[in-house]
Amino acid sequence: MDIFDVDHFINVLKDDISIVKELPDDFSWSTREYYATAIRPTRIKRAPVHASANWYLENVLPVLQSNGIAAISPFSHRLSFNNLPSEIQKLRCKVNFKALVFVPHIRALGDALVHRLRYPPTESQPLITDDLTGTTDRNVKQMPQKFVVVHLRFDKDMAAHSACDFGGGKAEKLALAKYRQRIWGGRVLNSQFTDEELRSQGRCPLTPEEIGLLLAALGFDNSTRLYLASHKVYGGEARISTLRDQFPKMESKKSLASSEERVLIKGKASLLAAVDYYVGMHSDIFVSASPGNMHNALVGHRTFENLKTIRPNMPLLGQLFLNKNITWLEFRQAVVEGHQNRQGQLRLRKPKQSIYTYPAPDCMCQA
């Protein structure tokens, strides 16, 4: 409830399914505590991952018919993406892309950030705003500028779990290895591969320097407005400085909004990510430094809205960055050729792939 607008969710889906915030009095006994203390006939505990529709008809429907209620837990990823009626697939997309919207204060802050990216202050007239709309007479007269959102997924957990070498020398490798051992023990699959093998397989997240080289090779220059969507970058400002030097018009939540405007999201990772997601959905181009939940969600949502997303060719980039003798011209040519079909072209969902990442063709009309 602190992230998504629950009333909007219920209202958008009211003609498809009835959703209640609280259970009727007859079922008030159905609580977490009730299911935690004993085996209950109304508890569905072993729903398989990506179960078929028939599984629910055979295992859940009888419980619902006999008891009037069924409690399914765990529930995430418990319904197949294949062999489902088209109306169910369309409903999934309606839920994900229409019913789910952020709470008003996140949307308001997001709108303010987008406005300030579209209408940056000039040197002669600094931007003065006293509310979240950010609108002034000067701004109305300005031509809106385009901007790129870069999702930089490069925190300490990501860097350590990848088991890749990020050029920080023996001290950094040792520190990440110790952290990896403390958090995950010996259960990190990547640690059995060399850095060269990991990069060649595209398993290493792009560093700020590498994402800058990718953008430059694709034709973005120092006039490009970037919005950096990230929470904590491993290495701090020292890591980001090269990217900032390359793209001096780079912005973030912190640079665009005052501490007073950010007070409701300060220190709350999910709310910070929600603001970044909102800005990402309103950008001209979105690019992510590595695959992951945020990347997948935005790729699918932007596909549904017909917006442009650049998908880095991770194996190709890994091999290029390993080549210490490559020239800039050779690097740029290889990057351009390797990304010709990765700049927003529609990709149809393949069997077992998520409909939320690949909404076509299930949720999009055929022209």
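- Here CG of L228 is found 11.0 Å from CG of L256. Values are rounded to the nearest 0.5 Å.
- Taking hydrophobic clusters as Ile, Leu, Val, Met, Phe, Trp and Tyr residues chained together by side-chain heavy-atom distances below 4.5 Å, I183 shares a cluster with V188.
- Panel note: side chain R349, backbone D362; no donor-acceptor pair is recorded below 3.5 Å.
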Hey, mind stepping through D16 and K94 against salt bridge (Lys or Arg N to Asp or Glu O under 4.0 Å) and telling me if it holds? CA-CA 10 Å; D16 301 286; K94 184 177 181 179; 2.7 Å; yes
Only pairs under 3.5 Å count here: list side-chain donor-acceptor contacts from residues 208-220, not counting sequence neighbours, and write none if there are none.
from	atom 1	to	atom 2	distance (Å)
E209	OE1	T207	OG1	3.1
E210	OE1	T207	N	3.0

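- Without hydrogens or angle criteria, S241 side chain to A238 main chain gives a donor-acceptor distance under 3.5 Å.
- Between R199 and D195 there is a salt bridge, since a side-chain N of the basic residue sits under 4.0 Å from a carboxylate O of the acidic one.
- For Y179, there are no ring-ring contact (aromatic ring centres under 6.0 Å, His included) partners, not counting sequence neighbours.
- Every residue two or more places apart in sequence or in another chain that forms a ring-ring contact (aromatic ring centres under 6.0 Å, His included) with H282 is listed here: Y278.
- Nearest heavy-atom pair across A51 and Y56 is CB-CE1, 3.9 Å.
- Alongside I355, the hydrophobic cluster contains F81, Y356 (criterion: ILVMFWY side chains under 4.5 Å).
- In terms of modelled atom types and a separation under 3.5 Å, the side chain of T357 and the main chain of S354 share no donor-acceptor contact.
- Contacts classified as salt bridge (charged side-chain N to carboxylate O under 4.0 Å, His left out) and involving residues 43-68 (residues at least two apart or in different chains) are not found.
- The pair R239-E172 meets the salt-bridge criterion, with a side-chain N (NZ, NE, NH1 or NH2) lying under 4.0 Å from an Asp/Glu carboxylate O.
- Remark: R118 fails to qualify as a cation-pi partner of F147 under the 6.0 Å distance and 45° angle criteria applied to the six-membered ring.
- The backbone N or O of V233 lies less than 3.5 Å from no partner atom in the side chain of S230, so there is not a single donor-acceptor pair.
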Would C204 and L198 count as a side chain to side chain contact (heavy atoms under 4.5 Å, CB included) if you check the C-alpha gap in whole Å, the side-chain angles of each, and the deciding distance to 0.1 Å? CA-CA 6 Å; C204 296; L198 291 172; 3.8 Å; yes
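- With side-chain heavy atoms closer than 4.5 Å counting as contact, directly or through intermediates, the hydrophobic cluster containing V263 also holds L264.
- Not counting sequence neighbours, Y35 has no partner by the ring-ring contact (aromatic ring centres under 6.0 Å, His included) test.
- The side chain to side chain donor-acceptor pair (under 3.5 Å) contacts involving residues 317-340 comprise T327-E330, Q333-E337, where partners must be two or more places apart or lie in separate chains.
- Remark: K249 NZ to L117 CG distance equals 12.0 Å, nearest 0.5 Å.
- Between E237 and R244, at least one side-chain N (NZ, or NE/NH1/NH2) sits under 4.0 Å from a carboxylate O, which counts as a salt bridge.
- If you chain together ILVMFWY residues whose side-chain heavy atoms come under 4.5 Å of each other, V20 ends up in a group of its own.
- Formation of a donor-acceptor pair under 3.5 Å by the S200 side chain with backbone atoms of E196 is found in this model.
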Given T37 and R40, is the side chain to side chain donor-acceptor pair (under 3.5 Å) satisfied, shown in steps? CA-CA 9 Å; T37 55; R40 309 295 186 181; 2.9 Å; yes
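- Both I17 and V95 are part of a single hydrophobic cluster, where members link through side-chain heavy atoms under 4.5 Å apart.
- Minimum heavy-atom separation, P312 to I310: CD-O, 3.3 Å.
- With respect to D157 and R180, no salt bridge is recorded, no charged nitrogen being found less than 4.0 Å from a carboxylate O.
- Closest approach of R311 and R342 over heavy atoms only: O-NE, 2.7 Å.
- Between F166 and F154, the angle of the ring planes goes over 60°, which puts this pair in the perpendicular group of the 30/60° scheme.
- Using modelled atom types, no side-chain atom of R153 and backbone atom of S290 make a donor-acceptor pair closer than 3.5 Å.
- Membership of the apolar cluster around L61 extends to L57, as traced through chained side-chain contacts below 4.5 Å between ILVMFWY residues.
- Legend: side chain to side chain donor-acceptor pair (under 3.5 Å) pairs involving residues 291-309, not counting sequence neighbours, sorted by first then second residue: Y277-H301, S283-R302, R302-T309.
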Pair F4-F9, ring pair (Phe, Tyr, Trp, His ring centres under 6.0 Å): steps then yes or no: CA-CA 8 Å; F4 294 107; F9 185 85; 8.3 Å; no
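- Between K253 and D276 there is a salt bridge, with a side-chain nitrogen of the basic residue lying less than 4.0 Å from a carboxylate oxygen of the acidic one.
- Applying the side chain to side chain donor-acceptor pair (under 3.5 Å) test to residues at least two apart or on different chains, none of the pairs has a partner in residues 61-80.
- Under a 3.5 Å cut-off, the side chain of N59 and the backbone N or O of W55 do form a donor-acceptor pair.
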